[in-house]
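Note that the coordinates shown come from a computational prediction; the quantities given were computed from them, not determined experimentally. First the proteins, then the strands, lettered A, B, ... as listed; each starts at 1.
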Number of protein chains: 2
Amino acid sequence: MSVIESTTRPEGKDRYTISEVAALTGLTAHTLRWYERIGLMPHVDRSHTGQRRFTERDLHWLAFVGKLRLTGMPVAAMVRYAELVREGEHTSAERRELLETTRRDVQSRIAELQDTLAVLDIKISHYEEQCGGTTR
Amino acid sequence: MSVIESTTRPEGKDRYTISEVAALTGLTAHTLRWYERIGLMPHVDRSHTGQRRFTERDLHWLAFVGKLRLTGMPVAAMVRYAELVREGEHTSAERRELLETTRRDVQSRIAELQDTLAVLDIKISHYEEQCGGTTR
DNA sequence: TACTTGCTTCGAGTGCACTCGAAGGTTCTA
DNA sequence: TAGAACCTTCGAGTGCACTCGAAGCAAGTA
């Protein structure tokens, strides 16, 4: 399968071992296997002897997951999304909804943080007024 | 002490019981006591019989802590800040530094999230193109 | 051939931030 | 005066997301 891949990707390897992916992503091999086990990876290819061979696509997915992780999205929700991807085309509506909900969440997180930033700025400006240091 | 307080605050009570504060903040009494125990509260007043009496100032502090918590700031760092506050005027430089470091952290968190938002928007726009739903 | 890397399953450990319950007491409120 | 709310200390439990180690074996590399 995927003869197409080999012709459309003339530069760079498209199959990475688990330790290579670990080095590239900063995740451990343990964690990568765990991601797969809990269903957070949409099917990882294997070599003829059963070793994992990650593709560029997998790396992209991991990068995406990394981003989602930064938003504080629970792993369960990411797993849900991965499931939908595995299930194919007919889940696209639900996937889109999930992404849009996430987008709203991220936006309100940003708003919260900007709020906090404002509070910090006020606090910091108090210290700036008395710019000597030990002055009351 | 603080006779000033009683005159400058004619409206609203300025002493809250632990259950009132729990109701106002959404934290449990257990958690409020825990905050005090670990040094996250800059000294809570007591009634003559030893019960906690939180002030408006304490509520403000808790609101601030709540904001910091949203940024993902570790509790240890907040405790450090509370310590500095307790230690008095001569720590103001360090406090300011801590706040500025936090501000930078928050700003980069915001940047990360905006990055993620961009990725989400791209993903979502893919779904928008095929606006029928099940269309390939 | 030796060594490294990979595979599996299993289960335990870690760190954080709570969260809860219980025991045994005191104080407040209707 | 009854019952609710408060106090203390202690220690255990929870949920999340890893994180690690070990056992026992297969495959790849110098």
Can you check the [X] [atom1] to [N] [atom2] distance for me, whole Å?
| X | N | atom1 | atom2 | answer |
| --- | --- | --- | --- | --- |
| A/R15 | D/dG28 | CZ | P | 12 Å |
| A/L32 | C/dT8 | CG | P | 12 Å |
| B/L70 | C/dA17 | CG | P | 13 Å |
| B/E20 | D/dC6 | CD | P | 8 Å |
| A/H48 | D/dG28 | NE2 | C1' | 9 Å |
| B/I18 | C/dC20 | CD1 | P | 14 Å |
| B/Q51 | C/dT29 | CD | C1' | 11 Å |
| B/R33 | C/dC20 | CZ | C1' | 12 Å |

If you pin B/G72 and B/S47 to their nearest nucleotides in DNA chain C, which one's is more 5'?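 Upstream on the strand: B/G72.
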Determine, stepwise, if the pair B/D45 / B/R15 fulfils salt bridge (charged side-chain N to carboxylate O under 4.0 Å, His left out). CA-CA 9 Å; B/D45 231 63; B/R15 321 200 90 219; 2.5 Å; yes
Please compare B/S19 and B/R37 by the position of their nearest nucleotide in DNA chain D and report the one closer to 5'.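 Mapping each residue to its closest nucleotide by heavy atoms, the 5'-most match is B/S19.
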Between B/E36 and A/T31, which has a closest nucleotide on DNA chain D that is more 5'? B/E36
Any ion pair linking [Y] and [X] (charged N to carboxylate O, less than 4.0 Å)?
| X | Y | result |
| --- | --- | --- |
| A/R46 | A/E36 | yes |
| B/E83 | B/R80 | yes |
| A/D115 | B/K67 | yes |
| B/R103 | A/D121 | yes |

Among D/dT19, C/dA17, C/dC18, find the nucleotide with the atom closest to the side chain of B/P74. C/dA17
Proximal nucleotide (of C/dC18, D/dC18, C/dT27) relative to the B/T49 side chain: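 The answer is C/dT27.
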From B/L40 CG over to B/Y81 OH, what is the distance, rounded to the nearest 0.5 angstrom? 12.0 Å
With rounding to the nearest 0.5 angstrom, report the CG to CG distance, A/D105 to B/L113. 11.0 Å
Using a 3.5 Å distance criterion without hydrogens, assess whether the side chain of B/T91 forms a donor-acceptor pair with backbone atoms of B/E94.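 Judged by distance alone, no pair lies under 3.5 Å.
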Contact under 4.0 Å: [X] side-chain N or O vs [N] OP1/OP2:
| X | N | result |
| --- | --- | --- |
| A/Y35 | D/dA17 | no |
| A/H30 | C/dT14 | no |
| A/R52 | C/dG6 | no |

Report the end-to-end axis angle of the helix from C/dT1-D/dA30 to C/dA30-D/dT1; each axis comes from five terminal pairs, and the value is rounded to 10°.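 Overall, the helix from C/dT1-D/dA30 to C/dA30-D/dT1 bends by 20° from one end axis to the other.
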Just call it for B/T17: base, sugar-phosphate, or nothing, with non-hydrogen atoms closer than 4.0 Å on any strand. sugar-phosphate
What nucleic acid atoms does A/R46 come within less than 4.0 Å of, heavy atoms only: base, sugar-phosphate, or nothing?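 It contacts sugar-phosphate atoms only.
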